[in-house]
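This is a predicted model, so every value here is computed, not measured.
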Amino acid sequence: MNTQMETTFRRGTRLTLNALRFFPYWAALLLIAGMLFKLYYLDRHLNVGGMNHWKWEVNLGAMLLATCWTAFLGPRARITALVVVDLILSIVIFSDLVYFRYFKDFISVPVLLQAGQVSSLEDSISSLIIYKDAIYFADLPFAILIAIWVYRRNSPRRNPKPPGTRRVRLSIRLATGILAFIIGYQLIAIPVAEQKRGWAAGLFEGNWWNIPIYNVTGLFGFHGYDAYRYAKENWLGGGLNDKQVQEAADWMDQRRSLQQQAETDPLFGAYKGKNVLVIQAEAFQTFLIDRKVGGEEITPNLNKLIGQSAYFPNFYHQTANGRTSDADFSTSCSLHPVASGSVFIRFASHEFECLPQVLKSAGYDATVHHAYDGSFWNRNNMYHNMQYDQFYNIKDFKIDEPLGWSLGDKSFLRQTVQQIAERGKSPFYAMAITLSSHHPYAIGQHELNVGSLDGTLLGDYVQAAHYVDEAVGVLIDELKQANLWNDTILVFYGDHDNSINTWDDYAKLFGRPVTELEKSTILKKVPYIVHLPGDEHAGVYEKAVGQMDTEPTILHLLGISTQPYDLMGVSAFSSAAKPVVFRNGGFTDGNVWFVPNNDGILGHGTCYSMKDGSVTDLAACQPGAKEARTELQMSDRIVEHDLVPVLKDRASKP
Ligand code: GP9
Ligand code: MN
C-alpha cells in the first residue's frame, strides 16, 4: 500500500514538474498572488477607506506591470529577477506602513529626498514597528528556496531544454510579456478613468491629499503616479497657464482686503518697535494646558503665563508631513505647506515673504535658534533664503545638558536668551525651536505621578511636556534677568500633534471617554499664547485661528501693513473672520468642523457642530469645504510655481 502511494506521489510530482515546464510563468503568478495578499493585508491595517471594489483590479494591474518584463528572460534570470522584485516591493510596503503610522501619509519622491534625516528618527522608527509586520517578508525564504531549485534544474550541466524550438520559445516569451503589459495597463487605466469621471474628478489636478489618490490607484499605482508627478513638476515643464496665475492673483487680492480690516483695529501698531521672540515648541498640544495628573499641574508655568497673556484656545496647527518645518513655514511665511514632503526641502530656492525678511526691512535684527544639525529639514538653505541674519544651530550651543535628541530645552532656551543679549541689537526678531519633547518622548523625566499611564507613550509624552513647561519658566526668568521681558512680545505655540492616538490612554488622563469630535480636534489643537509687554490685553480669545495667521498677527501688533505682501493668514487679533483650513481639506470656522473622508468626496465627509459635538447636516460644511480646497490649490500654485515674484510684478504694472 505504502509503495503504491509512493509511486502515485512520484508520478504526480513528475507530471506537475513537466506541466510547470510547459508554463514557466508560475513563479510570477505565485509572486503576484503573494503581493496581492500583502496589499490587502496592508489596506486593512491602514484602514483609510477599505478596499473599494476597483482596488483588486488596480493592484493586479500594477503587479502585472511590475513583472511582465521578466517573461522576456531565461529561467534562471527570470527567477532571480522575481526574487529581487519581491524583495523591493516588500520593502516598499513595509516602509510605507511604518511611515504611515507616524505621518498618516505615504512615502513620496519629495519625502525620499529628505531621507537623510531618517537616522535621527531611529528611536521613533523602532517604536513604530510591531512583530506582526514580519508577515510582509514571510514569503522571501520560500522564494529563495524556489530560486535555488529552479537554478539547479536549469543548470547547463543538466541542460534540460524546455519544450519547443528556440524561436518558438522566444515568441512565447515576447507574446506573454506584451500581453501581461497590455492587460496590466488596462486594469489600471480603466478603473482610474472611470473614477475620474465620477468622485475622483479633479483629484489628480488638485493634489490636495495623497490618501484619496491611494484609494483610486492602490499603493504601487500611487508610487507610479507620484514619480510621474515629480518628473512633470521638475523636468517636464508642468507650468501654470495665464488663467491659473490670474486666479491666484485674484484670490490673494480678496484675502488682502480681509487683512486690511486689521489695520483699522486699535491694536494695530500698539507695539511698534517692540522685540519679538517666537517659541515653536515640539509636539506641544493644547490638551496639556490647565490639566492635572496625580494632583499636579502638567504645565504650571504656561498656565501662569496664560493668565498674563492673550490666549487662543482654538488655535490649530496646519502641518502635513513636513512636520516641524511645515509649522515653521506656515507661521513664518503665512502660506500652506505642501501636501507631500516639505517646502523647506522641495522649494527652498523659491521666493517667499517671511517674517525675518519683512521685519528686517523694518529695521529688525533677525535670528533663528535650534540646537540640532543645521542641515536637518534643509534649514541652512531655507533660513538663508528667508534672510535671517544668523542661524544658531547645534554648533553654536554648549551641550551642558544632553537630553533626548540633543540639548535639553532648559539649557537651549537659556543659551538662546544669552545669544540674543550678546548680539545686543534692538529691536530684534528671534525664533527658537525646541526639541526635548520629540517622539518617542522617553527622555527619562519622571517628575509627575502619571499613574496607570506610566510606561505608555502618552505617559512619557506628559512627562516630557512637563519638562518643557519648566524650560518655559527658565526662559521667562532669563528674559527678565536680561531686562528684555518688558520690551518683548513673546509668542508660544506647538508645532504639531504628538502622533499618539491610543484613545483609551487619553480617557485615563481625562478621567472620561474621548468623544468622536475630540479625536479629531485634539490632534489639531496646539496652544497659542501671545504675551504682550505689561501683561496687556490678557484674556481668552475664542476666535478660530491657525499657524498661518501668525505672520499677520505679529505685523498687526507692530503696525506693519500686510498689503504689499502675498500672505494667506489674517491677524488673530482682527475681527475679520476666515476659516482655518487643514492640509487634508478639512476646515473649521469655529462653528462647524469638517472631516473629509479618505476617498476625498466632499459629500462623504463628516460635518460636526462645534457647539455640542454632534454630527450635523453636511450642507453646513459643503461651501466651506469647497473654499478650503480652493485655498489649498492657490497656496500650492504660489509655493510650487514660485508665484510670489510673478504676482508682485503684475501688481506693480498698471
Ligand atoms: C529636528 C526637529 C524635529 O530638527 O525639527 O523635527 P520633526 O521630526 O518634528 O519634524
Ligand atoms: Mn516637530
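In this structure, the separation between CD on Q563 and CG on D253 is 9.5 Å, given to the nearest 0.5 Å. In this structure, NE2 in H223 is found 14.0 Å from OH in Y225, a value given to the nearest 0.5 Å. Atom CG of L632 and atom CE of M568 lie 8.0 Å apart (nearest 0.5 Å). Rounding to the nearest 0.5 angstrom, the gap separating the CG atom in D96 from the CG atom in L46 is 8.5 Å. Note: W377 CH2 to I433 CD1 = 12.0 Å, rounded to the nearest 0.5 Å.
Closest heavy-atom contact between D495 and T319: O-CG2, 3.4 Å. Contact between T299 and D290 at its shortest, heavy atoms only, is OG1-N, 3.7 Å. Residues A576 and Q261 share a closest heavy-atom pair of CB-OE1, 3.5 Å.
With sequence neighbours left out, W503 forms a ring-ring contact (aromatic ring centres under 6.0 Å, His included) with Y506. Residues forming a side chain to side chain contact (heavy atoms under 4.5 Å, CB included) with H537 (at least two apart in sequence, or on another chain): L267, Y271, L532, Y541. Scanning for ring-ring contact (aromatic ring centres under 6.0 Å, His included) contacts around H531 gives W485, with sequence neighbours left out. Residues satisfying the salt bridge (Lys or Arg N to Asp or Glu O under 4.0 Å) test with K524, not counting sequence neighbours, are none. Among residues two or more places apart in sequence or in another chain, the ring-ring contact (aromatic ring centres under 6.0 Å, His included) test is passed with F222 by F106. Under the ring-ring contact (aromatic ring centres under 6.0 Å, His included) criterion, Y388 pairs with Y383, not counting sequence neighbours.
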Margin query: Between H45 and R101, is the side-chain hydrogen bond (donor to acceptor under 3.5 Å, both in side chains) condition met? List the steps.
Written below: CA-CA 10 Å; H45 185 100; R101 285 192 183 127; 3.2 Å; yes
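Inspection of the S561 and E263 side chains reveals an N or O donor paired with an N or O acceptor under 3.5 Å. Side-chain contact check for T550 and T331: no donor-acceptor pair (N or O, by modelled atom type) lies under 3.5 Å.
Between F312 and F573, the distance from one ring center to the other falls under 6.0 angstrom. Ring centers of Y608 and F594: at least 6.0 Å apart, outside the cut-off.
Ring geometry for F315 versus Y528: interplanar angle under 30°, hence parallel rather than tilted (30 to 60°).
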